[in-house]
Amino acid sequence: MDIRSLRYFIAVYEERSLSAAAKRCFVAQPSISTTVSQLEEHLGTKLFVRHSKGVSPTDSGSQLYPHACKMVTDLSGIRNLFANSPTPITLSISLAPFLSGALISQVIKTLLDEVPGLTLKLVDKSESADLRFTCERYTTEEDLFYPIWEDDYVIAMPLNHWLADFSSLSLKQIDKQPFISRTPCDILESWNYLMQKQELTTDVRAEVKTEEYALDLVAAGLGISLIPEHSSRGRSDLCLRPLNDVKLKRVVGLAHNKERSFPAHLIDTILSARQQLFINR
């Protein structure tokens, strides 16, 4: 068992797919499959159940995951202890305005803490940047994309809202409700299509640009809103309910053009940031 096998295991665990893990690790799928099988043989236990849609972790796999993450992080830290005069790295990162500031801050902190000599410049989405915080749907074939977290979309409402009596909601229950809309929103087209298909509408009371503004207006009682679940972390003045007839989600991460290369330890740290978010959920 070595750090490479643990990294491959972590990739398979998080991606729930051998092919996706291979793409993420820039290796052929047989290399991932063979390494995981060797790790299972070495540990004497099955780590994943293979099925037509990918893989699912066993109890042993779920037990190993946090330990593997810690070992990989610790080994990277040991390497940094003996790095002499790290080469300065200055990178610009653009931020999409509709993303969770709290989670982005965690990722940025991890990068600055674990990459010696790194200086980051945060710029607006419209500006040219080395890396982009964005959603997977906004990437192109010319990009490499490193997924960091996933957001399920939920309905946010005031604590005393009548919809809070339900454990989950259907689109029909949203019909004609006072609504706080966000523009830009990465799933706005999908949301509008679903509502129009069922001949449903919302009573838009306000349009805002950020998730924080939308949540503040919801808490003030102006209406409900469709919000990524992670955006409401730490708030006790809101009630969240999942939708039971549709599933809307986004995959958030860092992207860059394939022609742009970065030091290997920077990419390792990006993946480490993803692992820490998984552990702290």
Side-chain angles (χ1 to χ4, degrees), residues 13-17 20 49 51-57 59 62 65 96 98-103 135-137 147-253 274 277-281:
Y13 184 94
E14 294 178 353
E15 300 294 342
R16 298 296 199 269
S17 165
V49 176
H51 49 75
S52 59
K53 294 184 179 180
V55 299
S56 297
D59 290 342
S62 296
Y65 175 73
F98 49 78
L99 297 180
S100 167
L103 292 183
C135 294
E136 187 174 22
R137 64 172 299 175
I148 299 178
W149 79 82
E150 292 184 358
D151 270 324
D152 289 319
Y153 275 83
V154 296
I155 299 296
M157 64 196 74
L159 294 176
N160 60 352
H161 198 282
W162 68 273
L163 287 174
D165 292 337
F166 299 88
S167 60
S168 63
L169 305 174
S170 68
L171 286 177
K172 290 184 178 180
Q173 290 175 286
I174 310 301
D175 190 31
K176 299 181 176 58
Q177 290 296 309
F179 195 79
I180 309 301
S181 179
R182 293 184 300 109
T183 304
C185 173
D186 54 295
I187 62 161
L188 186 60
E189 291 183 5
S190 299
W191 172 253
N192 288 337
Y193 171 77
L194 290 170
M195 296 294 284
Q196 292 170 8
K197 185 178 180 180
Q198 297 195 32
E199 298 182 351
L200 305 174
T201 61
T202 53
D203 179 12
V204 177
R205 298 292 179 87
E207 289 188 1
V208 297
K209 291 185 177 181
T210 69
E211 296 164 3
E212 286 76 11
Y213 287 153
L215 292 172
D216 287 342
L217 293 180
V218 169
L222 273 70
I224 63 176
S225 190
L226 182 70
I227 291 290
E229 188 173 12
H230 280 118
S231 302
S232 60
R233 277 186 171 183
R235 298 195 64 142
S236 59
D237 55 352
L238 297 170
C239 180
L240 306 180
R241 292 293 181 265
L243 291 164
N244 55 37
D245 50 359
V246 296
K247 187 169 181 62
L248 299 169
K249 74 172 185 176
R250 68 183 182 189
V251 181
V252 182
R274 171 184 171 92
L277 289 179
F278 264 80
I279 293 171
N280 293 331
R281 281 181 180 178

Is any side-chain heavy atom of Ile180 closer than 4.5 Å to one of Ile224? no
So which heavy atom on Ser17 is nearest to which on Ala20, and how close? OG-N, 3.1 Å
Side chain to side chain, Ile174 and Leu200, heavy atoms closer than 4.5 Å: no
Taking the side chain as every heavy atom from C-beta outward, state whether Val49 and Val55 have any pair of such atoms under 4.5 Å apart. no
NE2-CG distance between His230 and Leu103, expressed to the nearest 0.5 angstrom: 5.5 Å
Let me confirm one number: the CD-NZ distance from Glu199 to Lys172, rounded to the nearest 0.5 Å. 10.5 Å
Can you see which heavy atom on Asn244 is nearest to which on Ser168, and at what distance? ND2-OG, 3.0 Å
What residues, two or more places apart in sequence or in another chain, satisfy side-chain hydrogen bond (donor to acceptor under 3.5 Å, both in side chains) together with Arg137? none
Sequence neighbours excluded, which residues qualify as side-chain contact (heavy atoms from CB on, under 4.5 Å) partners of Val251? Glu136, Phe145, Pro147, Glu150
Tell me the side-chain hydrogen bond (donor to acceptor under 3.5 Å, both in side chains) pairs involving residues 182-197, sequence neighbours left out? Tyr153-Asp186, Asp186-Arg250
For the residue pair Thr202 and Met195, establish whether any side-chain heavy-atom pair is separated by less than 4.5 Å. yes
Are the side chains of Leu169 and Ile155 in contact, using a 4.5 Å heavy-atom criterion? yes
Gap separating the CD atom of Glu207 from the SG atom of Cys185, nearest 0.5 angstrom: 11.0 Å
Flag if over 12 foreign heavy atoms under 6.0 Å of CG, Asp203: yes
May I have the step-by-step check of side chain to side chain contact (heavy atoms under 4.5 Å, CB included) for Val252 and Ile148, ending in yes or no? CA-CA 6 Å; Val252 182; Ile148 299 178; 6.0 Å; no
Side-chain contact, heavy-atom cut-off 4.5 Å: Pro57 with Arg16? yes
Find out whether Met157 and Leu238 are in side-chain contact, i.e. whether some heavy atom of one side chain is under 4.5 Å from a heavy atom of the other. no
Atom pair CH2/CD of Trp162 and Gln177 - distance to nearest 0.5 Å: 5.0 Å
Determine, step by step, whether Leu240 and Ile227 satisfy the side chain to side chain contact (heavy atoms under 4.5 Å, CB included) criterion, reporting the C-alpha distance in whole Å, the side-chain angles of both residues, the deciding distance to 0.1 Å, and the verdict. CA-CA 9 Å; Leu240 306 180; Ile227 291 290; 5.7 Å; no
Any chance you could lay out the side chain to side chain contact (heavy atoms under 4.5 Å, CB included) test for Asp216 and Arg235, step after step, and finish with the verdict? CA-CA 10 Å; Asp216 287 342; Arg235 298 195 64 142; 2.9 Å; yes
Pairs touching residues 239-248 that satisfy salt bridge (charged side-chain N to carboxylate O under 4.0 Å, His left out), sequence neighbours left out: Asp152-Lys247
Do the side chains of Leu226 and Leu188 get nearer than 4.5 Å, heavy atoms only? no
Contacts of Ser181 meeting side-chain hydrogen bond (donor to acceptor under 3.5 Å, both in side chains) (sequence neighbours excluded), chain-then-number -> none
Residue pair Ser225 / Phe179: nearest heavy atoms and the distance that separates them: CA-CE1, 3.9 Å
Sequence-distant partners of Pro158, side-chain contact (heavy atoms from CB on, under 4.5 Å), two or more places apart: Asn160, His161, Val218
